[in-house]
Amino acid sequence: MVNRVVFEEASTLKAIVDAVESLVGEASIKLDPEEGMGLQALDPSKTAMIQLILPRTYFIDFEVEKSDFYGINFTDLSKILKRVKAKERVELEFSESEMKVTAMNGYRKTFELPLLAGTPFEFKTIKVDYKAKARLDSDVIPNAIKDLKIIGSDVEIYIDSEKVEFRAESDKGKATVSITKEDRALIDVWAEEPSKSVYNMSYLEKMTKPAKISEEADLELRTQAPLKLSYPLGGIEGAGITYYLAHLQV
Amino acid sequence: MSLDRIAEEIRACRRCPLHRSRTRAVPGEGNPKARIVFVGEAPGRNEDLQGRPFVGAAGRLLTELLLSIGLRREDVFITNVVKCRPPGNRDPRPEEIEACLPFLERQLQLIDPDVIVALGRHSALTLLRLAGREERSIMRIRGKIFRVELFGRERTLMPTLHPAAALYNPRLRPLLEEDFRKLGEIVGTSGDSGVGEGLEPWF
């Protein structure tokens, strides 16, 4: 039995694979006739986790008869997708032992990759009662990181009911990127109480890759707790990439 | 004598031909009172351009491995046996290692770490030789704990693979991760370091 899914444009798949590959080399995806495609991967240091949900309506074609898990070498898949242009249509076909990647743009290119043993998973939930949330233009976070990297390797994120701040401090000095309610880049902000925590900058940087395919990013925060960072995808309810990042105890 | 002073000397050094091709010398960086020092082999392209150790892909992997055992880069000191980039990232030559070694020796004396982690074959064999032991194969000694007499007192020396080797050959990565887990147990940081315990307690 072959399960088959088709992405209208490779750009989404490229960004997803890039996002997963930056955290883990290999991961399992789930294909389910009702739920669509799902992925969950925890990085080896258990510092960061990525979850992906793409409902079946996200795909232009979704032919899955039976729920199954497939282990994928994302490092190899990422290399293949570098040879595929963003606007090309991409089809993924899963047989028992291999995945066939076909890119279509006037002519067809096909790559066949061996599948790894798929590890069944249930989506984990992080038990944090978040106290602050902000919706931002997604490119704000990668730009803030570029600014703060000049100063330090950790970033403090602060949210209150008026603003979001990204801060870094080291013996090189201090840097603050502040986005207030008056700024167009802050779409919405809510805080039951002002919240702040410190996170590793290089991990957070990896978590900005979906900004290429999502216009908005949701930050959820609680003092001294993991960060939740979500990117809605394609305007389709339930479709999105969610990251969790462990805080640093400082 | 301070680490800054040694760094200045390294930047001005002309003891071997590598000074001619370097962009910047890479003295090392980190906590001057670190309990753990990581010693790599020689700077690569990114390190040569920035004058900082382990800043490229191998550096990112090293940072992740450190975090996995509850350490941040600024908790440790990171340096190399050879402080200037060998052209084309070739292995450092014995005469280059000999010319540069006094800098490393002085850095280690000054920092006075309890644990030295040798990243890669050249670093491991050089540090073991300093401790009076001759070894040849990194695969034979990686992950082993050596109690060695170095600079006037007993220290722990742990050789492991260079992170770049695990990037080049992903099959080596589990070995590197295994060695770091062992390191975490030795230094007692795993899960209790001020860096947090990762996400697990929150599931």
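By convention in this document, chain letters (A, B, ...) are assigned in the order of the sequence lines, proteins followed by strands, and residues within each chain are numbered from 1. Computed from a predicted model, the values in this text were never measured in an experiment.
- Looking at heavy atoms from C-beta onward, Thr63(B) lies out of side-chain contact with Tyr203(A) at the 4.5 angstrom threshold.
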What do the steps show when you test Glu64(B) against Thr47(A) for side chain to side chain contact (heavy atoms under 4.5 Å, CB included), and what is the final call? CA-CA 9 Å; Glu64(B) 281 176 29; Thr47(A) 304; over 6 Å; no
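- Summarising the local packing, CZ of Arg14(B) is surrounded by 12 or fewer heavy atoms from other residues, nucleotides or ligands at distances under 6.0 Å.
- Heavy-atom neighbours of Lys196(A) NZ from other residues, nucleotides or ligands within 6.0 Å: at or below the threshold of 12.
- Summarising the local packing, CZ of Arg171(B) is surrounded by 12 or fewer heavy atoms from other residues, nucleotides or ligands at distances under 6.0 Å.
- With hydrogens and angles disregarded, no donor-acceptor distance shorter than 3.5 Å links the side chain of Lys124(A) to the backbone of Phe203(B).
- Heavy-atom minimum distance, Leu199(B) versus Ala246(A): CD2-N, 3.6 Å.
- Only the backbone of Thr125(A) comes within contact range of chain B, with at least one heavy atom under 4.5 Å from a heavy atom of that chain.
- Around atom CD of Glu96(A), no more than 12 heavy atoms belonging to other residues, nucleotides or ligands sit under 6.0 Å away.
- For Arg140(B), the CZ atom sits in a loose shell: 12 or fewer heavy atoms of surrounding residues, nucleotides or ligands are nearer than 6.0 Å.
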Criterion side chain to side chain contact (heavy atoms under 4.5 Å, CB included) on Ser153(A) and Glu74(B), from CA distance to verdict: CA-CA 9 Å; Ser153(A) 57; Glu74(B) 50 267 46; 3.4 Å; yes
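- Within 6.0 Å of NZ on Lys109(A) lie more than 12 heavy atoms contributed by other residues, nucleotides or ligands.
- How far CZ of Arg72(B) is from CG of Asn200(A): 9.0 Å, rounded to the nearest 0.5 Å.
- Of the listed residues (Val128(A), Ile126(A), Thr75(A)), the greatest number of heavy-atom pairs within a distance under 4.5 Å of chain B belongs to Ile126(A).
- Around CZ of Phe123(A), the count of heavy atoms belonging to other residues, nucleotides or ligands within 6.0 Å exceeds 12.
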Quick one, Met49(A) with Trp202(B), criterion side chain to side chain contact (heavy atoms under 4.5 Å, CB included). Give me CA distance, side-chain angles, the key distance, then yes/no. CA-CA 12 Å; Met49(A) 183 167 76; Trp202(B) 300 89; over 6 Å; no
